[in-house]
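A short worksheet on the structure shown next.
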Amino acid sequence: MPELPEVEVVKRSLERKIQNLDIKKVIINETNLRYRINPNDFSKLKGLKIKKITRRSKFLLFHFKNSIIMLAHLGMTGKFFFVSQNNRKSKTSFYYNLNEKKDNIHNRVIFHFKGRQKLIYNDVRKFGFLKFYNEKNYNNSLHLKRLGPEPLSKNFNFKYFKHYIKNKNRPVKNLLMDQTFISGLGNIYANEILFSSKIKPIRKAKNLKDLEIKRMLKITKNVLKKSIMEGGSSVKNFSSLNGKKGSFQQKFNVYGKQGKNCSNADCKKRIIKIKISNRATFFCPACQKY
DNA sequence: CGGGACTCCTGAGGGC
DNA sequence: TGCCCTCAGGAGTCCC
């Protein structure tokens with residue numbers, strides 16, 4: 001799933017390519033994404049340049065001329081591709097084997113630029129969306145206004161964390177996935193952060209000790225930074241294009257590893273899988289005992 | 001108001 | 001081989 005590091009990587013690689021290109025036309029193959037597409041929004045883009053792309057949490061913001069902002073969310077399976085003149089598809093996003101012919105079925109929106117380049121929004125499951133705002137109102141949008149701090153910002157700190165968890169009976173894993181507490185984590189990183197922090201996913205948030213909070217803060221930031229540097233953990237090894245499922249999972253310590261040996265060398269236990277709030281949760285019963 | 005349950009969607013994978 | 005079932009889950013909405 002695209003989480004903060006993957007979205008950040010997409011942002012960086014896309015921006016280099018499409019900044020200052022002029023939109024010639026936009027072809028919409030599917031209007032029924034997470035939110036129904038209004039083709040009029042896209043026809044207004046004709047002749048406009050993309051000034052810049054920014055990221056907030058897992059959202060991408062395309063800043064066009066005329067103060068138009070397109071808010072994009074990749075959902076589960078959303079991907080952007082940039083296709084240049086030589087027609088070589090440039091992967092800016094991840095995960096699936098891009099057997100191109102077959103995958104073209106899922107090209108939902110295609111932005112054509114002057115000069116024959118294209119930006120393709122591809123999304124198998126249609127959980128993602130493209131929605132329009134302007135420079136004045138986007139921050140108050142339904143999607144952005146309630147978001148918690150960026151994990152890598154200094155606003156995500158001990159004081160904030162400690163204050164927030166007071167009286168919170170929820171499992172700490174739910175807390176990590178709660179976008180109003182911290183924005184940008186999803187199921188994979190929540191599982192991995194708890195493993196590295198040696199904290200049991202069902203632990204009640206309010207019972208976390210100060211030292212554990214400090215450990216989690218540090219690990220959260222480190223895991224995300226490292227993953228961005230490596231091009232997004234879940235993208236790792238994907239560039240070979242073989243799309244073998246195991247190739248991206250091998251980076252993980254617990255996610256999808258139920259029944260496998262714990263990756264800590266001195267631990268003999270196997271990773272187990274449970275459900276928390278109906279979400280798959282993986283942990284080592286020995287390393288994450290409390 | 002907090003938080004759990006449900007919902008959208010399609011393809012992969014397992015069982016028989 | 002093919003059919004059917006379950007699972008994957010971000011995040012908005014509903015409801016207790």
Side-chain angles (χ1 to χ4, degrees), chain A residues 1-8 10 29-37 55-60 71-80 93-109 121-131 133 140-148 151 163-193 201-206 232-234 238 242-249 252 254-259 272-282:
Chain A
M1 306 76 251
E3 303 183 28
L4 187 152
E6 289 76 31
V7 178
E8 176 64 21
V10 172
N29 294 326
E30 171 65 68
T31 54
N32 187 31
L33 300 182
R34 177 73 175 80
Y35 300 104
R36 185 164 295 280
I37 278 179
R55 178 191 63 75
R56 173 75 173 102
S57 183
K58 303 174 198 173
F59 298 88
L60 286 171
L71 184 67
H73 195 290
L74 302 174
M76 293 283 297
T77 53
K79 298 180 278 287
F80 279 106
S93 199
F94 28 99
Y95 241 8
Y96 290 85
N97 181 14
L98 298 176
N99 176 329
E100 295 199 15
K101 282 244 166 55
K102 188 180 164 198
D103 208 58
N104 284 345
I105 301 165
H106 304 114
N107 288 348
R108 308 303 188 182
V109 178
Y121 179 69
N122 178 296
D123 191 348
V124 173
R125 291 185 209 172
K126 302 193 279 189
F127 269 29
F129 64 80
L130 305 173
K131 240 174 139 176
Y133 293 92
N140 271 322
S141 68
L142 169 72
H143 308 284
L144 301 189
K145 68 178 177 190
R146 296 180 62 239
L147 286 179
H163 181 257
Y164 196 97
I165 62 172
K166 206 180 284 180
N167 306 323
K168 290 281 190 293
N169 273 309
R170 322 166 65 186
V172 61
K173 178 175 178 249
N174 283 7
L175 194 75
L176 287 182
M177 293 182 64
D178 183 342
Q179 303 298 304
T180 62
F181 168 61
I182 174 177
S183 60
L185 301 183
N187 201 33
I188 293 176
Y189 286 103
N191 277 295
E192 295 296 319
I193 286 165
I202 56 170
R203 178 80 170 277
K204 283 185 181 181
K206 69 175 181 185
S233 275
S234 43
F238 179 69
N242 67 9
K244 292 266 164 56
K245 206 172 179 185
S247 66
F248 71 81
Q249 288 190 345
F252 302 139
V254 287
Y255 184 82
K257 299 283 191 181
Q258 69 271 30
I272 59 177
K273 177 182 178 184
I274 61 171
K275 287 220 169 194
I276 298 179
S277 297
N278 220 24
R279 290 287 180 256
T281 303
F282 307 86

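Each chain gets a letter, A, B and so on, in the order the sequences are listed, and its residues count up from 1.
- Test K204(A), M177(A), K206(A), R203(A) against V172(A) for side chain to side chain contact (heavy atoms under 4.5 Å, CB included) and you get one pass: R203(A).
- When distances run from any side-chain atom of Q179(A) to the nucleotides dA11(C), dG11(B), dG4(B), the shortest one goes to dA11(C).
- With distances taken from any side-chain atom of R125(A) to the nucleotides dG12(C), dA8(C), dG10(C), the minimum falls on dA8(C).
- What separates CG of L74(A) from C1' of dA8(C) is a distance of 17 Å, to the nearest Å.
- Whole-Å rounding puts the R36(A) CZ to dC8(B) P distance at 14 Å.
- The existence of a salt bridge linking R34(A) and D123(A) is excluded, since no basic side-chain nitrogen approaches an acidic carboxylate oxygen closer than 4.0 Å.
- Nearest-nucleotide positions on DNA chain B place S277(A) closer to the 5' end than the other of S277(A) and K126(A).
- Rounded to whole Å, atom C1' of dG12(C) lies 8 Å from atom NE2 of H143(A).
- In this structure, H143(A) has its ring center closer than 6.0 angstrom to the ring center of Y35(A).
- Considering only side-chain N and O atoms, K168(A) lies nowhere under 4.0 angstrom from the phosphate OP1 or OP2 of dC1(B).
- Within 4.0 Å (heavy atoms only), F129(A) reaches no atom of the nucleic acid at all.
- Rounded to whole angstrom, the span from the NZ atom of K166(A) across to the P atom of dG2(B) amounts to 15 Å.
- Atom CD1 in I105(A) sits about 11 Å away from atom C1' in dT10(B), given to the nearest Å.
- A salt bridge is defined here as a Lys NZ or Arg NE, NH1 or NH2 lying under 4.0 Å from an Asp or Glu carboxylate O, and E30(A) with K126(A) meets this definition.
- Look at N187(A) and you'll find a side-chain N or O under 4.0 angstrom from OP1 or OP2 of dG9(C).
- Considering only the side chain of H73(A), dA11(C) comes nearest among dG11(B), dA11(C), dA8(C).
- Annotation: of the two residues near DNA chain B, N174(A) and E30(A), the 5′-most nearest-nucleotide partner is N174(A).
- Separating the CE atom of M76(A) from the C1' atom of dA11(C) is a distance of 12 Å, rounded to the nearest angstrom.
- Here R279(A) lies in heavy-atom contact (under 4.0 Å) with a base.
- Ranking dT10(B), dG9(C), dG12(C) by closeness to the F59(A) side chain, first place goes to dG12(C).
- Comparing A280(A) and L142(A), the nucleotide of DNA chain C nearest to each residue sits closer to the 5' end for A280(A).
- In this structure, R34(A) atom CZ and dC9(B) atom C1' are separated by 10 Å, rounded to whole Å.
- Between the OG atom of S141(A) and the CG atom of L147(A) there is a distance of 8.0 Å, given to the nearest 0.5 Å.
- Rounding to whole angstrom units, CG of residue N32(A) and C1' of dT10(B) are separated by 13 Å.
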